[in-house]
2 protein chains.
Amino acid sequence: MSDASFQSTSREWSLSGSGPLYIQLRQLLENKIECGDFRPGDPFPAEREIADLCSVSRVTVRKAVQALVADGYVVQRHGSGNVVAESVERVEQSLSRLTSFSEDMQRRGRTVRTSWLEQGIYPASPEEMIALGIRSDTMVSRIARLRIADDTPLAIERASLSTNHLPNPEKVKNSLYALLEEYGCKPVRAVQRISAINLNAEDARLLEVPLASAGLRIERISYSSHGQVIELTRSVYRGDAYDFVAELQIGDAAK
Amino acid sequence: MSDASFQSTSREWSLSGSGPLYIQLRQLLENKIECGDFRPGDPFPAEREIADLCSVSRVTVRKAVQALVADGYVVQRHGSGNVVAESVERVEQSLSRLTSFSEDMQRRGRTVRTSWLEQGIYPASPEEMIALGIRSDTMVSRIARLRIADDTPLAIERASLSTNHLPNPEKVKNSLYALLEEYGCKPVRAVQRISAINLNAEDARLLEVPLASAGLRIERISYSSHGQVIELTRSVYRGDAYDFVAELQIGDAAK
DNA sequence: ATATTTAATACCAAAACAATACCAATTGTC
DNA sequence: GACAATTGGTATTGTTTTGGTATTAAATAT
């Protein structure tokens with residue numbers, strides 16, 4: 001309630017630039033979000049409040065805010081106020097540890113076979129560029145294999161690595177990680193994103209299931225001990241034949 | 001009431017901050033619990049008492065208290081009074097990461113709604129009998145709810161419990177785990193099985209997606225500290241709107 | 001001059017907030 | 001067991017806050 005001359009960070013609330021006010025204001029607000037001045041998740045200042053702070057009309061503020069809404073920066077909520085949104089529209093939830101493919105298969109006593117689909121060096125796709133953090137003119141090593149358990153195709157694994165980390169993808173025979181260890185870039189941490197998809201034509205054929213069957217899609221990014229991205233692996237598992245098992249401890253250990 | 005300057009402990013009962021009263025009050029009460037002012041185990045001040053102390057309406061107190069109930073801090077008991085819950089908060093938080101959206105959704109500025117589909121006692125299905133380890137003539141408590149964010153249905157949760165552990169499923173309002181705490185059977189461990197399915201007619205209708213769309217199916221079995229099965233929860237998430245994220249440590253730390 | 005953009009004023013509508021009054025369940029006492 | 005006191009539960013309503021919209025006037029571009 002007290003006066004708002006308090007100033008949280010380096011940037012102020014003054015509009016001293018040139019051009020339309022609502023454009024300047026939009027820039028100002030966007031910066032405040034990008035800088036982390038407004039944390040995604042919590043309330044965005046009310047429109048009248050911003051209007052007072054910047055000494056402009058509320059409609060001007062509105063125009064700026066609406067531009068941010070259009071770009072997905074903030075969500076408007078009539079009666080309760082606006083909030084800073086997270087940029088992703090897909091909802092995420094965390095799990096603890098997951099069992100790995102081989103681990104799981106062994107436990108179920110099944111025989112595992114691998115069929116190679118792809119093994120070589122190719123121009124990087126946009127998705128690979130982003131995930132691996134490489135430039136557009138770089139090549140990447142790709143390894144794609146079909147996992148077969150007891151003559152039933154279970155999963156397709158497509159791994160992409162920078163050629164720095166894996167210059168000779170054709171040499172991978174069994175364990176990718178064993179070879180990586182030779183080059184001294186062993187992954188120590190990984191983040192997996194698990195979602196459900198309807199299989200496309202190619203994947204459905206490979207997995208020998210009808211088109212549009214449900215599949216588990218797992219995108220994994222592995223990091224070295226230095227925090228460097230090592231590999232991007234996109235896998236698709238047959239939904240009708242594979243389960244991921246996660247075990248959680250719900251400890252009182254907290255506090 | 002003028003003489004509210006009375007002060008029971010280190011902290012006062014005055015609300016001098018800014019913002020909605022019930023939020024301030026919630027904060028105040030939560031602090032008192034965290035500080036050990038109210039010890040877990042026994043009685044929480046009556047609502048009318050708090051109302052007098054803070055010179056606010058009882059409904060305001062109620063709203064604050066209900067927020068605490070939703071987070072598992074307090075258990076309400078009609079007629080006899082409220083009770084400070086045990087260290088449920090960690091349980092709630094951990095399981096919360098898996099089941100409830102509220103936190104994640106609020107972070108994204110989305111409004112969360114829950115629609116109850118089923119709440120009662122029914123004859124056990126074969127699957128439930130096996131998972132819960134009960135005899136064929138036993139009844140089970142079922143709770144089924146639809147999780148909705150911004151008018152977009154995101155998930156269906158179907159929980160089944162033995163009637164020994166949850167004799168009154170219709171009483172579950174917010175937190176299932178807070179209620180379970182009353183009966184002294186709180187889950188400490190859970191195993192989740194994640195798979196992909198093509199949604200059946202009913203689930204597709206509820207989630208407002210085309211028939212046979214891909215969905216994430218998560219089956220969770222929670223255990224008490226005695227290794228007894230507490231609950232079986234079968235959830236279905238919209239594949240096009242939900243990701244699960246898992247972070248893994250690779251290598252030595254395993255096992 | 002005329003049309004478009006810009007920004008202000010004033011008013012509308014929806015949601016949340018908080019208070020009053022009343023209902024229902026449990027407990028203790030007689 | 002009946003009854004009263006205490007406690008949580010609910011409905012209703014008025015107020016406040018907040019976003020939403022129409023209108024209008026000035027500035028700018030065409």
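These numbers come from the heavy atoms of this one structure, side chains and all, not from hydrogens, waters or symmetry mates. Reminder, nothing fancy here: chain letters follow the sequence lines and each chain counts from 1. Worth saying up front: this structure is predicted, and the values here are computed from it rather than measured.
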Colleague: Less than 4.5 Å apart, side chain to side chain, heavy atoms only: is that true for S162(B) and T138(B)?
Modeller: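 Side-chain contact under 4.5 Å: no.
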Colleague: Under 4.0 angstrom, heavy atoms only, what part of the nucleic acid is V65(A) near: base, sugar-phosphate, or nothing?
Modeller: nothing
Colleague: Calculate the interatomic distance between L15(B) atom CG and dA18(C) atom P; express it in whole Å.
Modeller: 10 Å
Colleague: Checking the side chain of D240(B) only, and the main-chain atoms of A214(B) only, is there a donor and an acceptor separated by less than 3.5 Å?
Modeller: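 A pair under 3.5 Å: no.
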Colleague: Does the protein touch nucleotides 25-30 of chain D at the base, only the backbone, or not at all? Give it as B, S and - per nucleotide, heavy atoms under 4.0 Å.
Modeller: ------
Colleague: So, for E157(B) and S235(B), which heavy atoms are closest and what is the spacing to 0.1 Å?
Modeller: CG-OG, 3.6 Å
Colleague: Identify the two heavy atoms, one from D71(A) and one from R26(A), that lie closest to each other, and give their separation to 0.1 Å.
Modeller: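 Smallest heavy-atom distance, with atoms named: OD2-NH1, 3.0 Å.
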Colleague: Could you give the CZ-to-P distance, from F44(B) to dG8(D), as a whole number of Å?
Modeller: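 The distance from CZ of F44(B) to P of dG8(D) comes to 10 Å, rounded to the nearest Å.
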Colleague: If you check the V56(A) side chain, which of dG19(D), dG8(D), dA8(C) turns out closest?
Modeller: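 Ranking dG19(D), dG8(D), dA8(C) by closest atom to the V56(A) side chain puts dA8(C) first.
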Colleague: May I have the step-by-step check of side-chain contact (heavy atoms from CB on, under 4.5 Å) for F44(B) and V83(B), ending in yes or no?
Modeller: CA-CA 5 Å; F44(B) 197 71; V83(B) 167; 5.8 Å; no
Colleague: Check the side chains of Y22(B) and Q66(B) for a donor-acceptor pair under 3.5 angstrom, ignoring hydrogens and angles.
Modeller: no
Colleague: Distance check needed: dG8(D) C1' versus E49(B) CD, whole Å only.
Modeller: 14 Å
Colleague: What does nucleotides 22-30 of chain C look like as a protein-contact string, B for base, S for sugar-phosphate only, - for none, at under 4.0 angstrom between heavy atoms?
Modeller: --BBBS---
Colleague: I need the CD-C1' distance between Q76(B) and dT7(D), as an integer number of Å.
Modeller: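 These atoms are roughly 11 Å apart.
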Colleague: Could you list, one pair per line, each protein nitrogen or oxygen that sits under 3.5 Å from a nitrogen or oxygen of nucleotides 4-6 of chain C, together with the distance?
Modeller:
from, atom 1, to, atom 2, distance (Å)
dT6(C), OP2, Y22(A), OH, 2.9

Colleague: Looking only at heavy atoms, what is the nearest atom pair of G120(B) and P169(B), with distance?
Modeller: O-CG, 3.4 Å
Colleague: Counting only side-chain nitrogens and oxygens, does S57(B) get under 4.0 Å of the OP1 or OP2 atom of dA18(C)?
Modeller: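 No, outside the criterion.
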Colleague: Between L211(B) and N200(B), what is the shortest heavy-atom contact and its length?
Modeller: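 Heavy atoms of L211(B) and N200(B) come nearest at CD1-C, 3.8 Å.
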Colleague: Write down the distance between CD (E47(A)) and P (dC12(C)), rounded to a whole number of angstrom.
Modeller: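 Rounded to the whole Å, the gap is 18 Å.
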Colleague: Would you say R142(B)'s side chain and P123(B)'s backbone share a donor-acceptor pair under 3.5 angstrom?
Modeller: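 Here the side-chain-to-backbone pair exists.
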Colleague: Provide, to the nearest angstrom, the distance between the CG atom belonging to L68(A) and the P atom belonging to dG19(D).
Modeller: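 Nearest whole value for this atom pair: 13 Å.
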Colleague: Choose from dG19(D), dA11(D), dT7(D) the nucleotide whose nearest atom is closest to any side-chain atom of V59(B).
Modeller: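 In terms of side-chain proximity for V59(B), the closest of dG19(D), dA11(D), dT7(D) is dA11(D).
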Colleague: Taking all atoms of both residues into account, what is the closest heavy-atom pair of S141(B) and I121(B), and its distance?
Modeller: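 Closest approach of S141(B) to I121(B): OG-CG1, 3.9 Å.
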Colleague: Is N82(A) near enough to dT18(D) that one of its side-chain N or O atoms lies under 4.0 angstrom from OP1 or OP2?
Modeller: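 Indeed not, no polar side-chain atom of N82(A) lies that close.
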Colleague: Looking only at heavy atoms, which two atoms of I230(B) and Y223(B) are closest? And how far apart?
Modeller: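 For I230(B) and Y223(B), the tightest heavy-atom pair comes out as CG1-C, 3.9 Å.
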Colleague: Nearest whole angstrom, please: distance from the P of dA19(C) to the CG of L25(B).
Modeller: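 Answer to the nearest Å: 11 Å.
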Colleague: Grab the CD-C1' distance between Q24(B) and dC17(C) for me, whole Å please.
Modeller: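 Rounded to the whole Å, the gap is 12 Å.
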Colleague: With salt bridge (Lys or Arg N to Asp or Glu O under 4.0 Å) as the test, would you mind laying out the steps for R234(B) and E219(B) before giving the verdict?
Modeller: CA-CA 4 Å; R234(B) 288 163 290 184; E219(B) 185 180 292; 5.7 Å; no
Colleague: Specify the residue among G19(A) and T60(B) whose closest nucleotide of DNA chain C lies further upstream toward the 5′ end.
Modeller: G19(A)
